[in-house]
Amino acid sequence: MLHSGALYVLARQIVFTLCVGVLLSISPSAHSDNSEQPESQKPVLKVANSHAWRPFSYLNSNQEPRGILIDFWKEFGDRNGYDIEFLLTDWQTSIDLVRTGQADVHAGLLQSPERLQFMDFGTPLFAIDTQVFFSQSMMGTSADFVLSGETEHKIGVVQGGYEEEFMSANFPDVALQLFPNNQAMLDAALSEKIQAFCGRPASGKLSPLYHHEPQPFYPCQAPLYRDAARWICERQRGIT
């Protein structure tokens, strides 16, 4: 059996390979001249995303951008003659940077009606599952009961994330507790400040939550939704 670290590396390689396949499909011949320019003359493409969304986009201990989406956009820059400048912040801020034109592209997020009002969505990159996780102290509690909003349990979500929009639209009676990023939410779960949160298994396995035995949180039901992360740009800004 593969060690969990080896499984992560394998999964990362698979996802990155899929992303590169997408990249090849959107890499334009129109920008071929950019790749032949001297490094100092290449146009800069500002790419926004989260600084705490492992394994997709995050800052390492040296405050350097890392993750699957970081690798994808570096490769995009190499193939299309761009210098990539990463703007990694809290999630809502990363969206606002694109909305206000301070960033050219958002590295990847889910499409929604609200976001379609001011963003143009590009090619799907990879699929993402999102689930509700319960603390072990809630073992035996019905997920339907909690999602009905008839309890005092709050469910943690990342502010500005698709989870917040989805939960508000589909479970309007559930009280949500907002966090600026995934890591802040997971830290709150680890310190038992919340007993439930919306998250992705890939994000959770790289957090301190999954270094404990028994694992303090478990997925309480089938995924809430499955959708594709896409790159986006400000409406009418355009990128090819």
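Values below: all heavy atoms of this structure, side chains included; hydrogens, waters and symmetry mates excluded.
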If you round to the nearest 0.5 Å, how far is CG of Leu45 from CD1 of Ile84? 4.5 Å
Tell me, which pairs form a side-chain hydrogen bond (donor to acceptor under 3.5 Å, both in side chains) where one or both residues lie in residues 166-180, sequence neighbours left out? none
Please list, chain by chain and in numerical order, all residues satisfying side chain to side chain contact (heavy atoms under 4.5 Å, CB included) with Ala188, sequence neighbours excluded. Phe179, Lys193, Ile194
Could you pull out all residues at least two apart from Ser148 that satisfy side-chain hydrogen bond (donor to acceptor under 3.5 Å, both in side chains)? none
Show, in sequence, the C-alpha distance, side-chain angles and deciding distance for Thr130 and Tyr225, and conclude whether the side-chain hydrogen bond (donor to acceptor under 3.5 Å, both in side chains) test is met. CA-CA 6 Å; Thr130 297; Tyr225 56 82; 3.3 Å; yes
The criterion is side-chain hydrogen bond (donor to acceptor under 3.5 Å, both in side chains); which residues satisfy it with Thr89, sequence neighbours excluded? none
Residue list, side-chain hydrogen bond (donor to acceptor under 3.5 Å, both in side chains) with Ser142, at least two apart or on another chain: none
Determine, step by step, whether Trp91 and His51 satisfy the ring-ring contact (aromatic ring centres under 6.0 Å, His included) criterion, reporting the C-alpha distance in whole Å, the side-chain angles of both residues, the deciding distance to 0.1 Å, and the verdict. CA-CA 8 Å; Trp91 191 257; His51 65 98; over 10 Å; no
Please walk me through it: do Thr100 and Gln102 pass side-chain hydrogen bond (donor to acceptor under 3.5 Å, both in side chains)? CA-CA 6 Å; Thr100 59; Gln102 297 176 71; 2.8 Å; yes
Is it the case that Arg99 places NZ or CZ above or below the six-membered ring of Phe118, under 6.0 angstrom from the centre and within 45 degrees of the axis? yes
Applying side-chain hydrogen bond (donor to acceptor under 3.5 Å, both in side chains), can you list everything that pairs with Gln92, at least two apart in sequence or on another chain? Asp96
Determine the minimum heavy-atom distance between Met167 and Leu224, stating which atoms define it. SD-CD1, 3.9 Å
